[in-house]
Amino acid sequence: MDTKRFSHCTRLLFAVILLLLATLSIAERPKVGLVLGGGGARGAAHIGVLRELERMRIPVDAIAGTSMGALVGGLYATGMSAAELEELVESIDWVSELADSPHRKDMNFRRKEDDEQYPINFELGLADGELKVPMGIVHGHRLELLLHELTIGVAKIGHFDRLPIPFRAMASDIESGEPYVVDSGDLAMAMRASMSVPGVLAPVTIDGHVLVDGGVVANLPIDVMRDMDVDVIIAVDVEFPLYAAEELDSAIKVSEQVLTMLIRKETRRQIGAMTDTDILIRPELGTFASSDFGNIMSAVEPGAEATLAVAERLRGLAIDEQSYSVYAARRTAPQPANEPLAFVRIVHDGRLSDRALESRIRVEAGDPVDTQRMAADVDRLYGLGLYEHVGYELVEENGESGVEYRATTKSWGTNQMKFGLSLEEGFEGSTAFNLNARLTRVGLNSRGAEWRTDLRIGTDSAVFSEFYQPFAAGGHWFLAPRVDADVSSLGLFESEDELARLRIAEAEAGLDVGRRIGYSGEWRLGVYRGTGEMRVKVGDPALPKIDFDTGGLAAQIRFDTLDNAHFPRRGVRADLRWRSERTAFGADSNFDTFEGDFASTWSHGKSSWQVGLTYATTNDGNRALQDLFPLGGFLRLSGLERGAISGPHAALARLVYYRRAGESAGVFDVPIYLGASLEAGNVWQSRDDMSFGSALINGSVFAGFDTYIGPIYMGAGFGEDGRSNFYLIVGPARR
């Protein structure tokens with residue numbers, strides 16, 4: 001035999017023997033089970049624990065986790081390293097991912113209108129004469145999409161024993177009150193179920209069981225790990241500590257204390273069952289809040305430090321470098337399948353036709369698996385506002401792989417109620433206050449018909465009802481008959497003095513035909529007929545009561561690509577309206593009006609700029625008072641009172657700057673913006689008089705708060721002639 005060839009064979013044989021010996025040494029060592037407890041943002045400490053276990057070359061043979069422990073443990077079980085987990089957790093925008101709404105660009109345009117006009121982020125359902133509420137403040141839509149993206153490589157793995165590291169997720173069966181161990185199926189949904197904090201995140205249904213956060217019944221599932229046939233258990237407890245007596249100074253803290261006591265009782269029982277060979281790790285996290293996801297990385301190092309504190313006990317579980325390399329190779333994360341999708345289908349329980357839903361799906365059979373494209377499809381389906389849950393899952397059928405989109409109708413009914421609140425306080429002048437409610441009956445037929453009814457009570461009361469009927473399922477054209485009635489007030493000013501306040505009552509019926517412009521807008525053309533009256537509410541009673549009639553043709557184009565309805569960072573909003581009053585349709589006289597509003601926003605870092613333009617004109621300079629265009633108020637010449645000037649022609653330009661203040665520290669924190677505006681505009685009796693030289697220059701400084709009841713603004717407006725106006729506005733600002 002050739003000497004060189006003999007030497008090569010000898011080295012190969014020697015390598016095989018070493019590999020076998022390393023494998024045997026792994027098989028002979030004690031099996032290590034890792035238990036990761038729940039604790040919200042405190043659970044990031046688990047990453048520090050894993051980092052030190054890797055550094056000490058301590059293999060993990062099985063993982064059981066609850067809540068955040070299920071998230072970290074589940075991803076580690078797929079083959080992620082501690083370093084990859086740390087990078088991932090730091091990169092996630094937790095406030096955004098734990099929000100519920102889809103990206104605004106994927107919202108149905110009518111849902112964008114809801115988002116703008118009725119900002120209170122809470123829905124009520126109406127079914128069988130009863131009000132119903134959602135099962136959680138947040139449905140976990142974005143979180144679920146993120147988890148599916150992170151686990152796509154093991155999406156078809158079946159039982160969790162087949163993961164690179166066997167895994168169990170701990171949940172609570174809300175119906176029986178018993179612990180529920182998720183050991184197979186969709187890993188993303190298993191982790192999502194384990195994180196479903198009752199009342200905050202909506203429950204998840206798996207195999208007929210309605211599941212919530214496992215921390216309710218088993219926050220540190222040591223007994224579950226015991227059933228996984230391990231020799232040594234390493235348990236990591238990140239529960240929130242009990243408050244001292246002097247710290248219990250509010251009802252919220254007392255409630256938190258009671259919940260912690262209930263959770264700790266079971267945790268203590270689990271810890272009490274640990275043997276002398278088991279190891280307990282308790283990171284020193286103090287009162288670091290479980291909801292403090294904005295500072296989540298602060299919890300990583302305490303996990304590492306707590307692991308080092310028990311390093312002497314852990315060293316007995318360490319293996320040599322070569323054996324650890326073999327172990328690490330065996331737990332490499334699987335790569336996503338590259339084979340094309342054999343089929344794409346939608347499963348849903350709503351009235352909307354399959355064709356209407358399929359029109360929103362972009363992924364087709366034959367396409368490769370792409371989590372971002374599938375997530376975008378889910379967002380578009382969810383953006384319809386019809387479904388409580390929309391998700392996707394890779395499935396196998398007859399030896400072929402495909403994607404199945406699943407949509408579940410809202411459990412609180414298709415009759416949805418949303419609310420809004422508006423308060424505009426000028427302190428030294430006008431005050432306006434309104435309560436708003438919108439009842440929308442969605443999915444009335446297979447084509448996606450809706451019946452929308454608005455009620456406004458307050459300074460400017462109104463009732464509006466519209467039936468919206470698409471011509472075809474998934475089509476762009478629609479028909480919309482409507483009726484509305486409103487009562488508003490108009491101030492008559494001379495200089496800064498209000499001479500009188502008029503009460504204007506109007507009622508109108510109309511019929512529009514229109515077309516959707518993708519998800520961004522719509523245009524309409526219609527006819528209308530109305531009647532009204534105007535009389536003095538405050539002021540000289542000798543002023544006459546005026547009756548009037550309206551009627552004619554109307555057209556409108558609306559466009560909205562803003563990424564946020566009230567404090568956008570990018571996008572455009574435009575609204576162009578034309579009305580042609582004609583005596584042939586019952587109007588008192590013939591004239592045309594045009595109104596246009598446009599705003600464009602762009603950002604850099606935390607700073608945002610918005611340019612806005614408003615223009616209104618008529619071909620009849622002698623228009624009645626009720627048809628004049630008013631200016632005055634926040635961002636509409638901020639130094640003037642609301643509606644302080646009005647005329648048949650108006651124009652306004654504004655530049656608004658605002659900057660996000662501070663950092664977001666928690667999921668439920670309220671974003672704060674500090675800003676200023678520069679505005680130029682006026683009203684004129686004749687279009688020929690309109691000029692830059694006659695424009696009034698105003699400005700403002702303000703603080704804005706993006707709250708759960710809508711935007712809140714506090715600030716001051718200033719005019720070039722020394723006028724000033726201080727204001728508090730709750731609800732969407734008129735721009």
Side-chain angles (χ1 to χ4, degrees), residues 100-102 104 107-134 137 139 350 352 382-388 409-424 432-445 448-470 478 480-488 506-510 512 514 516 519 521-522 524 556 558 560 562 564-566 573 575 706-712 729-734:
D100 205 35
S101 59
R104 203 165 183 270
M107 282 186 178
N108 180 312
F109 180 70
R110 293 176 68 81
R111 300 294 79 81
K112 288 184 180 181
E113 292 180 308
D114 294 340
D115 181 46
E116 176 195 359
Q117 300 164 11
Y118 294 82
I120 295 181
N121 195 22
F122 182 73
E123 280 191 7
L124 282 178
L126 183 62
D128 301 324
E130 295 183 3
L131 289 177
K132 295 187 176 182
V133 298
I137 297 174
H139 302 294
L352 208 59
Y382 193 72
L384 287 167
L386 300 174
Y387 302 106
E388 177 177 357
T409 303
K410 292 180 176 179
S411 59
W412 55 96
T414 56
N415 300 324
Q416 301 162 18
M417 296 186 70
K418 300 198 72 173
F419 301 92
L421 170 69
S422 63
L423 167 66
E424 190 168 335
F433 175 76
N434 294 297
L435 290 172
N436 311 301
R438 169 169 287 174
L439 172 62
T440 305
R441 299 193 63 187
V442 297
L444 293 179
N445 54 39
E450 297 183 8
W451 184 9
R452 170 188 288 176
T453 301
D454 294 348
L455 175 64
R456 185 172 69 233
I457 300 174
T459 306
D460 300 315
S461 300
V463 176
F464 170 84
S465 190
E466 176 187 75
F467 189 82
Y468 175 89
Q469 176 63 69
F478 63 87
R482 57 181 174 81
V483 294
D484 66 272
D486 65 84
V487 178
S488 60
E506 297 182 78
E508 187 175 282
D512 296 337
R516 287 193 299 110
Y519 305 124
E522 67 174 29
R524 295 181 177 217
Q556 184 175 29
R558 290 177 292 173
D560 184 348
L562 297 180
N564 182 288
H566 308 295
R573 178 182 286 152
D575 189 354
D706 196 2
T707 76
Y708 289 93
I709 63 169
I712 297 177
I729 297 176
V730 179
R734 299 178 306 150

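As the structure is a prediction and not an experimental result, all values here were calculated from the model. The first residue of the sequence shown is numbered 1, and numbering continues consecutively from there.
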[X] side, atom [atom1]; [Y] side, atom [atom2] - distance, nearest 0.5 Å:
X: Asn436; Y: Phe419; atom1: CG; atom2: CZ; answer: 10.5 Å
X: Leu421; Y: Tyr118; atom1: CG; atom2: OH; answer: 12.0 Å
X: Gln117; Y: Lys418; atom1: CD; atom2: NZ; answer: 10.5 Å
X: Phe464; Y: Arg452; atom1: CZ; atom2: CZ; answer: 7.0 Å
X: Ser461; Y: Leu455; atom1: OG; atom2: CG; answer: 8.0 Å
X: Leu562; Y: Arg573; atom1: CG; atom2: CZ; answer: 4.5 Å

Applying side-chain contact (heavy atoms from CB on, under 4.5 Å), can you list everything that pairs with [X], at least two apart in sequence or on another chain?
X: Ala449; answer: Leu444, Asn445, Phe467, Gln469
X: Ser465; answer: Trp451, Thr453, Val483
X: Leu386; answer: Leu352, Leu384, Val442
X: Ser488; answer: Asp460, Asp486, Ile504

List the residues meeting ring pair (Phe, Tyr, Trp, His ring centres under 6.0 Å) with Phe478, not counting sequence neighbours, and say none if there are none. Tyr468
Partners passing ring pair (Phe, Tyr, Trp, His ring centres under 6.0 Å) against Tyr382 (at least two apart in sequence or in another chain): His141
Please name all residues satisfying side-chain hydrogen bond (donor to acceptor under 3.5 Å, both in side chains) with [X], sequence neighbours left out, ordered by chain then number.
X: Asp512; answer: Arg482, Arg524
X: Glu388; answer: Ser411
X: Lys410; answer: Glu123, Gln416
X: Arg104; answer: Asp115, Asp560

Polar side-chain atom of Asp575 near backbone of Arg558 as donor-acceptor pair, under 3.5 Å: no
Are the side chain of Lys112 and the backbone of Tyr519 linked by a donor-acceptor contact shorter than 3.5 Å? yes
Can you list the residues that meet the salt bridge (charged side-chain N to carboxylate O under 4.0 Å, His left out) rule with Arg111, with sequence neighbours excluded? Asp114, Glu450
In chain order, what residues pass the salt bridge (charged side-chain N to carboxylate O under 4.0 Å, His left out) check against Asp454, with sequence neighbours excluded? Arg438
How close do Pro119 and Gly420 get, counting heavy atoms only, and between which atoms? CD-CA, 4.2 Å
